[in-house]
**Q** 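Structure below; questions to follow.
Starting from 1, each residue takes its place in the sequence as its number. Small disclaimer: the values here were computed from a predicted structure and weren't measured.
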Amino acid sequence: MDKIFSIPDTKRLKYIAIYGIVATVAFTVIYGFCNSMATTAVTRYSLYTDWELDIPLIPWMIYPYLSLNLLFLISAFVIKDVSAIKGYCLGIVAGALAAGVIFYFFPGNLGFVRQEVPGYESIYRAMFEIDQPHNLFPSLHITYSSISIWTMIEQTRNKVFHFILWLWLILISMSVVFVHQHHLFDIVSGYILAIIVFKLVVTRYHPTVFKPHSFFSKNL
């Protein structure tokens, strides 16, 4: 039976630490800088339709939204090849760099009005303080979750695990709208960026892991 999870050995832990730190620093610096610049931008872009503003806020969807962090943790136990770890983390860096250019030149406006959410005040307040409503398109939440899930899918042939990961991706994709953090264009552009980065960066660093029979190798 295909083994899904394994405890990282010393070599894997080293790669996870080094490249994980690089990816984290790249995201923090680029995302934070672009958010800061957008707050003073003269022109910001509103890429959403009026009917989208009628989409309700579903408070509990904050949990699948925040589960992106759990994906990062789980990936450490699923991605077994050290070169795959490198490719995955560099994909995260590439995604941040590409999105950062767009964030800088095309800062966005969030159409939803941010509000207090009864019963979830502290968690939503913390999210609002960290994430200013300008780094909208492409949604890095979508890009990162897609890259994480697609990489883990390529690490195992377990169909049940694949199914769970696909459902997880769908749930995260829904959550970014239902917590009023993103619009539909942000989701679509986030997927497009994920596909480009996955094909051009992630798979390039570990071709032996991505088998010829793979759905992603053939179709993505």
Side-chain angles (χ1 to χ4, degrees), residues 4-38 65-107 126-127 129-132 134-156 165 168-169 172 176 181-182 186 189-210 216-217 220:
I4 300 175
F5 304 101
S6 67
I7 302 298
D9 57 18
T10 303
K11 186 175 183 180
R12 275 173 63 190
L13 284 174
K14 178 181 178 181
Y15 270 70
I16 290 170
I18 293 174
Y19 289 101
I21 290 173
V22 170
T24 301
V25 170
F27 167 76
T28 303
V29 172
I30 294 170
Y31 198 84
F33 171 75
C34 291
N35 247 337
S36 177
M37 294 299 295
Y65 180 84
L66 295 177
S67 71
L68 170 61
N69 299 302
L70 183 58
L71 276 179
F72 291 144
L73 176 62
I74 291 176
S75 68
F77 298 93
V78 176
I79 305 175
K80 305 171 184 66
D81 187 277
V82 292
S83 58
I85 294 171
K86 179 179 179 181
Y88 168 53
C89 292
L90 290 181
I92 297 297
V93 173
L97 289 171
V101 172
I102 300 174
F103 294 157
Y104 182 82
F105 289 104
F106 302 98
M127 179 176 68
E129 290 177 356
I130 295 172
D131 192 10
Q132 299 299 317
H134 303 300
N135 291 348
L136 298 178
F137 41 85
S139 166
L140 277 181
H141 219 83
I142 297 298
T143 298
Y144 284 175
S145 58
S146 298
I147 291 174
S148 300
I149 284 173
W150 295 342
T151 303
M152 287 192 283
I153 284 176
E154 293 291 0
Q155 288 288 305
T156 174
L165 289 175
W168 197 342
L169 181 57
I172 289 177
V176 301
Q181 282 292 92
H182 283 284
D186 310 345
S189 54
Y191 279 128
I192 292 173
L193 178 58
I195 291 171
I196 293 172
V197 170
F198 193 80
K199 289 292 289 184
L200 297 184
V201 179
V202 180
T203 60
R204 180 180 178 183
Y205 281 87
H206 44 118
T208 57
V209 175
F210 290 79
F216 291 95
S217 298
L220 189 60

**Q** Are Asn135 and Leu140 close enough, and set up right, to give a side chain to side chain contact (heavy atoms under 4.5 Å, CB included), and what steps lead you there?
**A** CA-CA 9 Å; Asn135 291 348; Leu140 277 181; over 6 Å; no
**Q** If the plane angle is over 60° it's perpendicular, under 30° parallel, otherwise tilted; pick one for Tyr191 and Trp150.
**A** parallel
**Q** Is any side-chain heavy atom of Thr151 less than 4.5 Å from a side-chain heavy atom of Phe198?
**A** yes
**Q** Is the shortest side-chain heavy-atom distance between Trp168 and Met152 below 4.5 Å?
**A** no
**Q** So does Asp186 get a backbone contact from the side chain of Ser189, meaning a donor-acceptor N/O pair under 3.5 Å?
**A** yes
**Q** State, with a plain yes or no, whether a side-chain heavy atom of Thr28 is found less than 4.5 Å away from one of Val25.
**A** no
**Q** Quick one: CD1 on Ile195 to CG on Leu200, what's the gap to the nearest 0.5 Å?
**A** 11.0 Å
**Q** Using the six-membered ring wherever Trp is involved, compare the ring planes of Phe72 and Tyr88 and label them parallel, tilted or perpendicular (cut-offs 30° and 60°).
**A** tilted
**Q** Is any side-chain heavy atom of Leu71 less than 4.5 Å from a side-chain heavy atom of Ile149?
**A** yes
**Q** Side chains of Tyr65 and Ile172: does their closest heavy-atom pair fall under 4.5 Å?
**A**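 Contact flag for Tyr65/Ile172 side chains = no.
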**Q** Distance-only, no hydrogens or angles: does the Lys199 side chain make a donor-acceptor pair with backbone N or O of Val197 under 3.5 Å?
**A**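 No: the side chain of Lys199 does not pair with the backbone of Val197.
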**Q** If you round to the nearest 0.5 Å, how far is OG1 of Thr156 from NZ of Lys80?
**A**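 Here the interatomic distance stands at 6.0 Å.
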**Q** Identify all side-chain donor-acceptor contacts of residues 12-19 below 3.5 Å with residues at least two apart in sequence or on another chain.
**A**
unit_1 : atom_1 : unit_2 : atom_2 : d
Arg12  : NH1    : Ser6   : OG     : 2.7
Arg12  : NH2    : Ser6   : O      : 3.4
Arg12  : NH2    : Ala76  : O      : 2.8

**Q** Quick one: closest heavy-atom pair of Ile102 and Pro138, and the distance?
**A**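 Here Ile102 and Pro138 meet closest at CD1-CD, 3.7 Å.
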**Q** Within the structure provided, determine whether Leu165 and Leu169 are in side-chain contact (heavy-atom separation under 4.5 Å).
**A** no
**Q** Quick one: closest heavy-atom pair of Cys89 and Gly20, and the distance?
**A**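 For Cys89 versus Gly20, the nearest heavy atoms are SG-N, 3.9 Å.
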**Q** If every non-hydrogen atom of Ala99 is compared with every non-hydrogen atom of Leu193, which pair is closest and at what distance?
**A** CB-CD2, 4.0 Å
**Q** When rounded to the nearest 0.5 angstrom, what distance separates CD in Gln155 from CZ in Phe5?
**A** 12.0 Å
**Q** Looking at Gly100 and Cys34, what are the two nearest heavy atoms and their distance?
**A**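 Where Gly100 meets Cys34 most closely, the heavy atoms are O-SG, 3.3 Å.
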**Q** Let me confirm one number: the CG-OG distance from Leu70 to Ser145, rounded to the nearest 0.5 Å.
**A**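 Separation between the atoms: 12.5 Å.
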**Q** Report the distance from atom CD1 of Ile92 to atom OG1 of Thr24, rounding to the nearest 0.5 Å.
**A** 9.5 Å
**Q** Please tell me if the side chains of Val202 and Ile147 come closer than 4.5 Å, counting only heavy atoms from C-beta onward.
**A**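 Val202 vs Ile147: side chains touch.
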**Q** Measure the CG-NE2 distance between Leu66 and His141 for me, rounded to the nearest 0.5 Å.
**A**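 It comes to 6.5 Å.
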**Q** Search all heavy atoms of Phe137 against all heavy atoms of Phe106 and return the closest pair with its distance.
**A**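 Closest approach of Phe137 to Phe106: CE1-O, 3.3 Å.
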**Q** What is the minimum heavy-atom distance between Ile142 and Gly190, and which atoms define it?
**A**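 Residues Ile142 and Gly190, closest heavy atoms: CG2-C, 3.8 Å.
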**Q** Does the side chain of Phe33 come within less than 4.5 Å of Phe103's, by heavy atoms?
**A**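 With C-beta onward as the side chain, the pair stays apart.
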